[in-house]
Amino acid sequence: MLINLLSALLYILVVTLPVAQAETLIRYQDNSQSVKSYSPYFVGLLKLVIEHTVDEYGSVTFVTLPVSMSTDRKFASLTSGLTDIMWTTTTPAREAQALAIKVPLLKGMLGKRVFVIRSQDQSRFSSIKDLHELAKLTAIQGTGWPDVTKMRHAGLTVETMDWQPNLHKLVSDGIVDYYPRSVLEVSDELKALNNPQLSIEADLLLKYDLLNYFFVNKDNTVLAQRMTLGLHKIMQDGCFDAYFKDYPGHIEALALLNKRRIFDLEND
C-alpha cells in the first residue's frame with residue numbers, strides 16, 4: 001500500500017510540475033535605454049496591471065526586446081507573434097490590425113498639445129487669435145502620426161518627416177515654425193535636448209481626441225481579458241490615478257494647461 005501511495009504521489013508530482021514551473025511570457029519592445037522616450041511610463045503601467053491579476057491568471061515573466069521599431073513594425077511583430085503587447089495611439093486602422101484594450105493610458109492628455117518654438121518667435125504666437133491665423137504658420141509632425149490628419153482637417157499647415165530625432169532641429173533651424181507636443185512629453189524632451197534656441201510656447205494649446213491604448217494580437221483573448229480586468233482594478237482602487245499623478249514630471253506637465261488660449265480641433 002505504501003508503494004502504491006508513493007507511486008501515486010510521484011505521478012501527481014510529474015504531471016503537475018511542468019504546470020507549476022510554467023510562467024506566462026509577455027514580450028514587448030522597449031528602447032527606453034537608448035532613446036529618450038515615454039516607454040518607462042507604459043512599462044510601469046503594464047507591470048502594475050499584471051501585478052493586480054496574478055491571483056486570477058498567475059505570474060508572468062517579462063521579456064523585453066531592446067530595439068527601435070516603427071509603429072508599423074511593432075504591429076507586424078504583434079501580428080506575427082514576435083511580441084505579445086504594445087502601446088500606441090489608436091486609430092480605426094490600428095484597431096483593425098490588433099485587439100485594443102480600450103482604456104486610455106494617458107487619461108486623454110496626449111491630445112493636449114503645446115508648441116516647441118524658437119524662443120525668439122514668442123511674440124508671433126502671442127498675437128494669434130484663431131486657427132486661421134495659426135494656419136499661416138507651418139507645423140511639423142512625424143510621418144503617419146494620427147495628429148497629422150486631425151490638424152490638416154482643421155485647416156492647419158503641417159509638414160511631416162520620418163526621422164523623429166530631426167523634428168526639433170527643423171524648428172531650431174527655422175525650416176518650420178512649431179512642433180506640437182503633448183504637455184506630458186514636452187518638458188523632458190527640451191531638457192534632454194538642452195537647445196537654448198528652443199522653448200515651450202507660452203499662450204496657445206491645441207486640443208483633440210488622441211488616445212493611447214494597449215494592443216494585443218487578435219487571437220490573444222486571454223491576455224486581452226487579463227489586461228482589461230487589471231486596468232479596471234487599478235482604476236477602482238486608485239492605483240491608476242496615483243501612478244499617473246506620481247510619475248516624474250506629470251505635475252509640472254499639468255501646470256502647462258493653465259491660462260492658455262485653447263483651440264479645440266474637434267469642435268472649433
Side-chain angles (χ1 to χ4, degrees), residues 19-33 36-66 71 74-75 78 83-91 94-95 98-113 146 181-188 205 207-258 266:
V19 176
Q21 288 182 335
E23 276 195 324
T24 301
L25 296 181
I26 294 184
R27 300 160 297 171
Y28 59 90
Q29 180 268 346
D30 180 14
N31 65 342
S32 58
Q33 296 302 313
K36 179 64 180 176
S37 73
Y38 222 69
S39 288
Y41 172 86
F42 296 109
V43 172
L45 186 57
L46 168 63
K47 292 181 177 179
L48 183 64
V49 169
I50 294 301
E51 288 170 4
H52 276 68
T53 55
V54 169
D55 289 345
E56 295 86 356
Y57 290 91
S59 58
V60 160
T61 295
F62 294 101
V63 179
T64 63
L65 304 178
T71 302
K74 288 179 185 178
F75 274 105
L78 195 66
T83 57
D84 300 298
I85 196 164
M86 62 177 286
W87 46 86
T88 192
T89 307
T90 191
T91 66
R94 291 173 179 179
E95 290 186 26
L99 194 56
I101 315 303
K102 295 190 175 182
V103 175
L105 305 180
L106 291 170
K107 298 181 177 291
M109 298 302 295
L110 190 66
K112 295 182 180 179
R113 300 265 163 160
R181 300 300 289 150
S182 164
V183 293
L184 298 179
E185 303 166 317
V186 66
S187 295
D188 282 347
L205 183 138
K207 177 183 176 184
Y208 44 86
D209 294 335
L210 200 65
L211 302 178
N212 267 51
Y213 293 152
F214 284 122
F215 286 84
V216 302
N217 187 294
K218 283 194 169 184
D219 294 328
N220 199 347
T221 55
V222 172
L223 183 55
Q225 290 167 359
R226 178 171 189 162
M227 294 300 299
T228 301
L229 174 65
L231 283 163
H232 282 96
K233 274 189 165 187
I234 65 174
M235 286 190 290
Q236 290 170 2
D237 69 9
C239 286
F240 194 176
D241 286 340
Y243 178 77
F244 181 84
K245 179 181 177 181
D246 294 340
Y247 190 77
H250 274 194
I251 292 177
E252 177 185 358
L254 295 175
L256 290 173
L257 300 175
N258 297 331
E266 307 290 343

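Note that the structure is a prediction, hence the values are computed from the model and not measured.
The CG atom of Leu105 sits 11.5 Å away from atom OH of Tyr38, with the distance rounded to the nearest 0.5 Å. Note: Leu65 CG to Gln29 CD = 7.5 Å, rounded to the nearest 0.5 Å. In this structure, SG in Cys239 is found 10.5 Å from CG in Asp246, a value given to the nearest 0.5 Å. The structure places CD of Gln225 at 9.5 Å from CG of Leu229, a figure rounded to the nearest 0.5 Å. Taking CG of Leu231 as the reference point, atom OG1 of Thr53 lies at 9.5 Å (rounded to 0.5 Å). With values rounded to the nearest 0.5 angstrom, Leu110 atom CG is found 11.5 Å from Thr90 atom OG1.
With sequence neighbours left out, the salt bridge (Lys or Arg N to Asp or Glu O under 4.0 Å) criterion links Lys218 to no other residue. Shown here are the side chain to side chain contact (heavy atoms under 4.5 Å, CB included) partners of Lys102, two or more places apart in sequence or in another chain: Glu95, Ala100, Tyr213. Taking the side chain to side chain contact (heavy atoms under 4.5 Å, CB included) definition, one finds that Val183 meets it with Met109, Val114, Leu205, Leu256, Leu257, sequence neighbours left out. Take Thr89 and apply the side-chain hydrogen bond (donor to acceptor under 3.5 Å, both in side chains) test, not counting sequence neighbours, and it matches Asn212. The side chain to side chain contact (heavy atoms under 4.5 Å, CB included) check on Thr88 picks up Thr71, Phe75, Met86, Arg94, Phe215, with sequence neighbours excluded.
Residues Ile50 and Met227 are in side-chain contact: their nearest non-hydrogen atoms beyond the backbone lie under 4.5 Å apart. Contact of the Leu45 side chain with the Trp87 side chain is not registered, since no non-hydrogen atoms from C-beta on lie closer than 4.5 Å. Lys207 has its side chain out of reach of Arg113: every pair of non-hydrogen atoms, C-beta onward, lies at least 4.5 Å apart. Contact annotation: the side chain of Ile234 approaches that of Val49 to within less than 4.5 Å [non-hydrogen atoms, C-beta and beyond]. Side-chain contact between Lys47 and Val43: present, with at least one pair of heavy atoms (C-beta onward) separated by less than 4.5 Å.
Between Tyr28 and Phe214, the distance from one ring center to the other does not fall under 6.0 angstrom. Taking the centre of each ring, Tyr243 and Tyr41 come in below the 6.0 Å mark.
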Evaluate side-chain contact (heavy atoms from CB on, under 4.5 Å) for Leu184 paired with Phe244, printing each intermediate quantity in order.
CA-CA 11 Å; Leu184 298 179; Phe244 181 84; 4.2 Å; yes

Given Ile85 and Ile26, is the side-chain contact (heavy atoms from CB on, under 4.5 Å) satisfied, shown in steps?
CA-CA 7 Å; Ile85 196 164; Ile26 294 184; 3.8 Å; yes

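Among residue pairs with one or both ends in residues 226-242, those qualifying as salt bridge (charged side-chain N to carboxylate O under 4.0 Å, His left out) are Glu56-Lys233, Lys107-Asp241; sequence neighbours excluded.
Closest of all the heavy-atom pairs between Thr64 and Pro66 is O-CD, 3.4 Å. In plain terms, the two heavy atoms of Pro40 and Tyr247 that are nearest each other are CB-OH, 3.5 Å. Between Asn217 and Asp219 the shortest heavy-atom distance is OD1-N, 2.8 Å. Pro248 and Asp188 get closest at one heavy-atom pair: O-OD2, 4.4 Å. The two residues Val54 and Ser59 make their nearest non-hydrogen contact at CG1-N, 4.2 Å. Annotation for Gly108 and Leu211: closest pair CA-CD2, 4.0 Å, computed over non-hydrogen atoms.
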